[in-house]
Number of protein chains: 2
Amino acid sequence: MSAGAPTCSICNARETTGFNYGVLCCDACKMFFRRTLFVKNINSCHRLGECIRKCRSCRFQKCIQAGMVFTPTKNTLEPTNNDQLSAFLFNLAHQEELRKYQLVNCWYDGDPTIAEIAEQNAPIKFTKRPDGFPMNLGEWIFITGLTSLNYLKKFNHVNMLNASDRHFLLKYSFYEISIFTDSMRACERKEESITFPDGSDIISEAVPGLEMSFLNGIRCRLAARVNDLKMTKEEFLLLSAVFFCNPGFPGISKSGCDILSTYQKIYSSALLQYCLVTYQKAGPTRFTDLLAVFQVIIKMRQDLSYLSTFLSICGFAVTKKKLYNC
Amino acid sequence: MSAGAPTCSICNARETTGFNYGVLCCDACKMFFRRTLFVKNINSCHRLGECIRKCRSCRFQKCIQAGMVFTPTKNTLEPTNNDQLSAFLFNLAHQEELRKYQLVNCWYDGDPTIAEIAEQNAPIKFTKRPDGFPMNLGEWIFITGLTSLNYLKKFNHVNMLNASDRHFLLKYSFYEISIFTDSMRACERKEESITFPDGSDIISEAVPGLEMSFLNGIRCRLAARVNDLKMTKEEFLLLSAVFFCNPGFPGISKSGCDILSTYQKIYSSALLQYCLVTYQKAGPTRFTDLLAVFQVIIKMRQDLSYLSTFLSICGFAVTKKKLYNC
DNA sequence: AAAGAAGGTCACTAGGTCAT
DNA sequence: ATGACCTAGTGACCTTCTTT
């Protein structure tokens, strides 16, 4: 009797009805997630998703942790569809909050490859980082990359790609997204230079034979640009999404490119709408200013590649984690 | 036309508006029940539920008899939600008063099975026991079990279970709850040994070949533990509720277990809050001391099973009521 | 046409409000 | 204190859309 569908992993009460917003769950949790995104009537509760009680905040946290994602479909440029944009932003903001929480508090015991992460269609399972856990440069780089990957994996378009395209997309974008996020954090903390959450430098101490100006460029240039623009959190989230749909990454198939550009259009028109609503006539200029940040991200990425190669030749390789090798 | 809703069984005056706190009744009686739980402004009236008009006490009694139940939903550990806990306790205390009244004064003419009781979604209909009704051991055991079942059936979670799970839950818990209640009564009467309300022994007189220490263990061990702890009525009520949500009873489905553990969390956090408020720093210890009583209840249950089997082999079976057979 | 997922609808009930 | 009425969250069920 009652073979039925498996039990919904979010409410642990009802049977799943299929994939809803990217996650296998029940109809009730689907509607709950949707309503919450559109109405945003959530009071934050300190225990993150733990009071299985009738706590709306924790139920929503469980949705976010399970990877539920809302993606706008209707043309967000229609002013009437503004609530689609705002639901999308609400969704992204909570995903980003989770990423930040995991970066500061969590840990992952293992050394996965990008390919392994791309294969898994469940979110990465982090564990609480023990108090007094010794974080060094390599650990920070690792957890930064891993939390970024976990954030990126949830996007709708990732699940639509075939295994190979998904692998390439994550491989060629997670590093850029990480440094962009790092720069945004520096900006929020009113710091000129990128650091890790504990304040430590992102470049290893002893680097012989490299110009200080080059190293300071890595530390500061992108953060300075973000700061000059006074980039909002919403702009950051949308811009990351647009960047993450770059159809130009190497190795991606024709059909993959099509999917990526479809989504890139969605996200960039969402960004444009945000700019128009927020800056009125100055909206289009703002939009292009934001897109121009891509160049700075790519420049920083190149500098970091050079630095990494240089260090490794000198025998100073910082991390041997597979994330950054293959 | 004018089919309308049936008349409210509590006030016999208005039309029902649907299920409120588990009972089909009108809006006015719903609000009356809620207000009374939270304000507790009730003067007890000697005629139990009989003067329907204008008597608040009797109206509330009718609510209780009809099986209305309030279950805390907000996190009772929030100090601001203390009134939820107190409303819940007020509710339980009155349900328990009713059970006690029925045990002492009522009777049930029939021999129902657990399955039949589980199917009925109305409370069990007891009748007044005639003066001078001859109570023997078997009658006491029967009415004890039946009033316990009537008490338990009203809990919110029972109505959420499917028919099969409900049957198993009642089947495997009503006996334990009964002996726990019996022990509490002994304690209130300052007696070391469990007896029925008329003072008669719970073990049949002629039991050949069993050690006195074994029999006295059954009579006294649980009551002694309750007495040692100086368990309050509130602790007893909450602890019973926690026990009654044991997801480990045999035969219960996965979804049933989930429902039970959800409610067990609610009740146990209510108990914890009670302990914290009442005993301050000693609260957590008190909480675990109380939970440890489960072991004693289970031990007593086992001893009684053995006794029952033993007696039945000797041809001394005390009761042939179906409650205790199938 | 069949299946899977997004989105819409509505009956239901806990809890709040306010004139009496 | 009461009860008629209101509000909001919920989830079962339905429709629509897309893809194969």
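Numbered from 1 within each chain, the chains take letters A, B, ... in sequence-line order.
Atom pair B/I42:CD1 and D/dA1:C1' shows a separation of 11 Å (rounding to whole Å applied). Taking atom CZ on A/F19 and atom P on C/dG7, their separation rounds to 17 Å, with Å as the unit. Following rounding to the nearest Å, A/F60 (CZ) and D/dT10 (P) show an atom-to-atom distance of 12 Å. Atom-to-atom, CE of A/M160 to C1' of C/dG4 comes out at 13 Å; the value is rounded to the nearest Å. If you take CG of A/N20 and P of D/dT18, they are 18 Å apart, rounded to a whole angstrom. Rounded to an integer number of Å, the gap from A/N12 CG to D/dG11 P is 14 Å. A straight line from CG of B/L37 to P of C/dG15 spans 10 Å, rounded to a whole angstrom. Atom CE of B/M68 and atom P of C/dG15 are 12 Å apart (whole Å).
When heavy atoms are screened at a 4.0 angstrom cut-off, A/F38 is found touching no nucleic acid atom at all. B/F33 comes within contact range of no nucleotide atom at all, as no heavy-atom separation falls under 4.0 Å.
Residue-environment remark: NZ (A/K40) exceeds the threshold of 12 foreign heavy atoms within 6.0 Å. Enclosure of atom CE in A/M160 is not indicated, since only 12 or fewer non-hydrogen atoms of other residues, nucleotides or ligands lie within 6.0 angstrom.
Minimum interatomic distance between B/F126 and B/N150 (heavy atoms only, all atoms of both residues): CE1-ND2, 3.7 Å.
Five base pairs at each end of the helix from C/dA1-D/dT20 to C/dT20-D/dA1 define two local axes, and these are offset by 20° (rounded to 10°).
Distances were taken from every side-chain heavy atom of A/R59 (C-beta onward) to each of D/dG3, C/dA5, D/dG11; the shortest belongs to D/dG11.
Residues passing the side chain to side chain donor-acceptor pair (under 3.5 Å) test with A/N41, sequence neighbours excluded: A/R56. Scored by the side chain to side chain donor-acceptor pair (under 3.5 Å) test, A/R99 finds A/E96, A/T147 as partners (sequence neighbours excluded). For B/E116, the side chain to side chain contact (heavy atoms under 4.5 Å, CB included) partners two or more places apart in sequence, or in a different chain, are B/P112, B/T113. Shown here are the side chain to side chain donor-acceptor pair (under 3.5 Å) partners of A/Y263, two or more places apart in sequence or in another chain: there are none. For A/N121, the side chain to side chain contact (heavy atoms under 4.5 Å, CB included) criterion is met by no residue, not counting sequence neighbours. Partners of A/K154 by side chain to side chain donor-acceptor pair (under 3.5 Å), not counting sequence neighbours, listed by chain and number: A/Q95.
Contact check, A/R34 against C/dA6: no side-chain N or O comes under 4.0 Å of OP1 or OP2.
Near-neighbour residues of DNA chain C inside residues 86-94 of chain A, defined by a heavy atom below 4.0 Å, are absent.
For residues 21-38 of chain B, every residue pair satisfying the salt bridge (Lys or Arg N to Asp or Glu O under 4.0 Å) rule, not counting sequence neighbours, is listed here: B/D27-B/K30. Here salt bridge (Lys or Arg N to Asp or Glu O under 4.0 Å) pairs that include residues 243-264 of chain B, with residues two or more places apart or in two chains, are B/K254-B/D258.
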Scan the side chains in residues 235-251 of chain A for donor-acceptor partners under 3.5 Å anywhere in the protein, sequence neighbours excluded, and list what turns up.
| residue | atom | partner | partner atom | Å |
| --- | --- | --- | --- | --- |
| A/E235 | OE1 | A/T232 | N | 2.9 |
| A/E235 | OE1 | A/T232 | OG1 | 3.4 |
| A/E235 | OE1 | A/R286 | NH2 | 2.7 |
| A/E235 | OE2 | A/Y279 | OH | 2.6 |
| A/E235 | OE2 | A/R286 | NE | 3.0 |
| A/E235 | OE2 | A/R286 | NH2 | 3.4 |
| A/S240 | OG | A/F236 | O | 2.8 |
| A/N246 | OD1 | A/G248 | N | 2.8 |

Polar-atom pairs under 3.5 Å, protein N or O versus N or O of nucleotides 4-9 of chain D: list them with distances, or write none.
| residue | atom | partner | partner atom | Å |
| --- | --- | --- | --- | --- |
| D/dC5 | N4 | B/D27 | OD2 | 2.5 |
| D/dG9 | OP1 | A/N41 | ND2 | 2.7 |
| D/dG9 | OP2 | A/N41 | ND2 | 3.4 |

